[in-house]
Amino acid sequence: MTEVETRIEALRAVMREWGWSAAVIVGEDPHNSEYTPSRWCQRRYISGFTGSAGVVVITLSHAGLWVDSRYHIQAARELQGSGVEMHRMVSVEDMEWMKWISDNVPAGGKVGIDGICMSQADAVRLQSLLSVKGTSVISRPDFLSAIWPDRPALPQDSVWLHDESCSGRSTADKLSWFRGVLAEKGCRYALVTTLDQIAWLLNIRSNDIDYCPVVISFAVVSPEGVALFADGAKFSSEVRETLGSDGISVYPYGGVAEYIAQMPANGRIMTDPSSLNYDLAKAVNDRFGADGTVCCASPIDVEKSVKNAVEIEGFRRAYVRDGVAQTRFYHWLEDAMAAGEQISEADAADKLHEFRAVCPDFIDESFETISAYQENSALPHYSTVRGHDAMLQPRGLYLNDSGAHYRYGTTDITRTIALGQTTGLEREDYTIDLKAMIDLGMAVFPAGTPGCRLDAVARRPLWQTMRNFGHGTGHGVGNVLSVHEGPQTIRQNLKDQPMLPGMITSDEPGIYREGFHGIRHENMLLCVSAGSNEFGDWLGFETLTCTWIDTAAVIAGMLDAAELEWLNRYNNNVYETLSPLLSAGDSAWLYKKTRPISM
């Protein structure tokens, strides 16, 4: 048997011992994070699937992985020979796996979950669905530890402070705002469980999760202070002293449930059911009851998504620094290819890292670089693994989706470039997808418009030629936090969160042809005021990204006049901004790459 099959059989053995009909592995950590430390990479451990989203269900006779369209190709590759069957979901919000359990688990059976790694909302929904047939949901925290002898420990990286010169707001100011919101909602306390919310609120950072500089922690906010539950060994005396000046005390990470049990129930507590794990929700309910608990979306998400003036300037600065690194990288790549050097996808990713890392303000990459050539670029979340990656050739298309954390801002950018001769279909797809990105970047829309309504602006050029893509068009980006941030999103799924001035959101439509090529163009957009008139207030976007767009594969005649003007103006602005910061050779190269094109 394969390693995955051996692990599944070991799990089935303990399931029989516990009387379980099924086990659910959602792959999150106790904070419902998208990216998790190695200790909680449970989905990967039990299935071998390396993607960042998906649900595994193991019964005594079936093993299945439910994934959305971002991962259909990747999952099909990674699950080969594992005994795990892929179940295709339309989107990440799809709950089809719950219905499958209801249809396939016998009445009166038991379905096991890891209650500290499943959200309250999902666990309650699952229990509601199964209770109709007398099937119960059993929470057993960390149940995979029974078959995972060398399970990684929690990370031990030190905690550091995100300086006010980069955050734009003091911790005291943020806590004062938050306590004011709690008072408005009739709450005395708040339990904050999402890692990037805690990091933003308290201006703390760490390297507990690869690419996401957050601190594994919980926080209870009250009028008297903040109880921060984290590994105390990670806090220096200087950091503790600074936090203490804002009334923040550090308690052991595993002590949050016990702390809640001993809290005075002299007021209501606010929780967010979308991120609060099932077991911790039970602890809150046991102490405060339904009447003493206000369940709602955390107000921190919207507040941190609207960047202040200091943060916005930091993002602009970060994209200029990133533009310098990217220019040097693509110049190097072109020269190396022309010289006949053998370069793999992983070699290219490593080289881009080198160019970013020379900046003294560079902290880390903001996610694992997607360095993908030709058919590999048809996987939207392709993982570049040395030894299993492709060699670049002087033809076709190369896609690079990457980003970085600098002290003052976070970047995320995708560029698809031509490495040499391209086919007519490659050029046509390239141009249509570029039109989509440009059209969204030029959009003007009424204040109050949610991202789901803007999604069609980007998809229109694709739909007119009967093309489409399965992932979202845009996501928010945190300030030295998670590169994927809410609450705003630009995607087809209905969500009523309006775009607000100060929000920074990606613009990244794509076209993917399995076995051939994938194309994605991505810029980062700052939502800004576009003016007011008798029809109301209007919003638009400022493009923050400062990296040249390759025009070698563009069919200029397919762009309308406004799109062509935008493209030429954008590339010229990139050159004017970056050339003073580049060497003479890099500047000359960029000058050639940014020359205007015409129909």
Side-chain angles (χ1 to χ4, degrees), residues 305 307 312 315-316 318-320 322-323 326 399 401 403 409-417 429-447 449-464 467 469 471-477 488-492 498-511 519-531 538-551 553-554 556 558-578 594 596-597:
S305 73
K307 306 301 186 282
I312 290 170
F315 270 88
R316 291 192 182 110
Y319 275 101
V320 170
D322 222 47
Q326 296 245 337
L399 183 153
D401 186 349
T410 294
T411 67
D412 178 4
I413 175 176
T414 308
R415 286 292 182 263
T416 305
I417 67 167
D429 283 347
Y430 187 98
T431 306
I432 290 170
D433 194 64
L434 181 59
K435 285 168 66 72
M437 187 193 76
I438 293 173
D439 287 1
L440 180 57
M442 293 194 302
V444 176
F445 49 95
T449 300
C452 58
R453 293 180 182 169
L454 292 174
D455 186 80
V457 175
R459 292 182 191 264
R460 181 174 176 269
L462 281 76
W463 288 350
Q464 285 187 315
R467 291 163 166 84
F469 57 95
H471 56 75
T473 301
H475 59 81
V477 174
Q488 83 275 24
T489 181
I490 301 176
R491 60 188 310 129
Q492 290 182 282
M499 300 298 293
L500 301 172
M503 285 181 167
I504 295 175
T505 312
S506 69
D507 172 7
E508 48 180 318
I511 295 175
I519 296 159
R520 188 163 62 253
H521 301 291
E522 178 186 17
N523 277 347
M524 204 58 57
L525 306 177
L526 168 66
C527 185
V528 296
S529 172
W538 297 85
L539 302 175
F541 293 119
E542 172 193 330
T543 299
L544 298 177
T545 308
C546 194
T547 296
W548 131 96
I549 296 172
D550 187 17
T551 58
V554 172
M558 293 180 64
L559 302 177
D560 64 30
E563 293 164 344
L564 184 62
E565 179 186 359
W566 184 98
L567 176 60
N568 287 331
R569 185 174 65 251
Y570 174 83
N571 270 345
N572 181 68
N573 287 341
V574 168
Y575 173 75
E576 294 292 338
T577 301
L578 298 184
T594 56
I597 61 173

For F469 and E508, run side chain to side chain contact (heavy atoms under 4.5 Å, CB included): C-alpha distance rounded to whole Å, both residues' side-chain angles, the deciding distance at 0.1 Å, then the answer.
CA-CA 10 Å; F469 57 95; E508 48 180 318; over 6 Å; no

Straight-line distance of T449 OG1 to L500 CG, nearest 0.5 Å
11.0 Å

State plainly whether the residues D439 and K435 are in salt-bridge range, i.e. N to O under 4.0 Å.
no

Least distance between heavy atoms, P509 atom then M437 atom:
CG-N, 3.6 Å

Is the side chain of D433 donor-acceptor paired with the backbone N or O of G510 at a distance under 3.5 Å, no angle test?
yes

The single option from L434, T416, T594 that satisfies side chain to side chain contact (heavy atoms under 4.5 Å, CB included) with I549 is L434

Is any side-chain heavy atom of R415 less than 4.5 Å from a side-chain heavy atom of N523?
yes

Heavy-atom pair with the smallest gap, counting every atom of T473 and A458:
CG2-CB, 3.7 Å

Using the side chain to side chain contact (heavy atoms under 4.5 Å, CB included) definition, which of the options I413, D412, T410 pairs with D322?
I413

Around atom CZ of R316, are there more than 12 heavy atoms of other residues, nucleotides or ligands at under 6.0 Å?
yes

Parallel, tilted or perpendicular, judged at 30° and 60°: which one describes the rings of H521 and Y430?
perpendicular

d(L440 CG, T505 OG1) to nearest 0.5 Å is 9.0 Å

Hey, what do you get for CD1 (I438) to CD (E565), rounding to the nearest 0.5 Å?
11.0 Å

Please step through side chain to side chain contact (heavy atoms under 4.5 Å, CB included) for the pair M524 and F315, ending with a clear verdict.
CA-CA 10 Å; M524 204 58 57; F315 270 88; 5.8 Å; no

Of all heavy-atom pairs linking T547 and Q326, the shortest is CG2-OE1, 3.6 Å

Check this for me, if you would: do D429 and R467 make a salt bridge, where the nitrogen-to-carboxylate-oxygen distance has to be below 4.0 angstrom?
yes

Show your reasoning for whether side chain to side chain contact (heavy atoms under 4.5 Å, CB included) applies to L539 and V444.
CA-CA 6 Å; L539 302 175; V444 176; over 6 Å; no

Around atom CZ of R460, are there more than 12 heavy atoms of other residues, nucleotides or ligands at under 6.0 Å?
no

Can you tell me how far the NZ atom of K307 sits from the CD1 atom of I312, to the nearest 0.5 Å?
8.5 Å

Roughly how far, to the nearest 0.5 Å, is CD1 of I490 from SG of C452?
10.0 Å

With a 4.5 Å limit on heavy-atom distance, are the side chains of F445 and C527 in contact?
yes

Nearest non-hydrogen partners of F541 and L454, listed with the distance:
CZ-CD1, 4.0 Å

Looking only at heavy atoms, the pair that brings A530 and G540 closest together is CB-N, 3.9 Å

Between L567 and I597, is the side chain to side chain contact (heavy atoms under 4.5 Å, CB included) condition met? List the steps.
CA-CA 9 Å; L567 176 60; I597 61 173; 3.9 Å; yes

Between the main-chain N or O of H475 and the side-chain N or O of S506, is there a donor-acceptor pair closer than 3.5 Å?
yes

Rounded to the nearest 0.5 Å, what separation is found between the CZ atom of R520 and the OG1 atom of T414?
4.5 Å

Tightest non-hydrogen contact, residues Y319 and C546, listed as O-CB, 3.7 Å

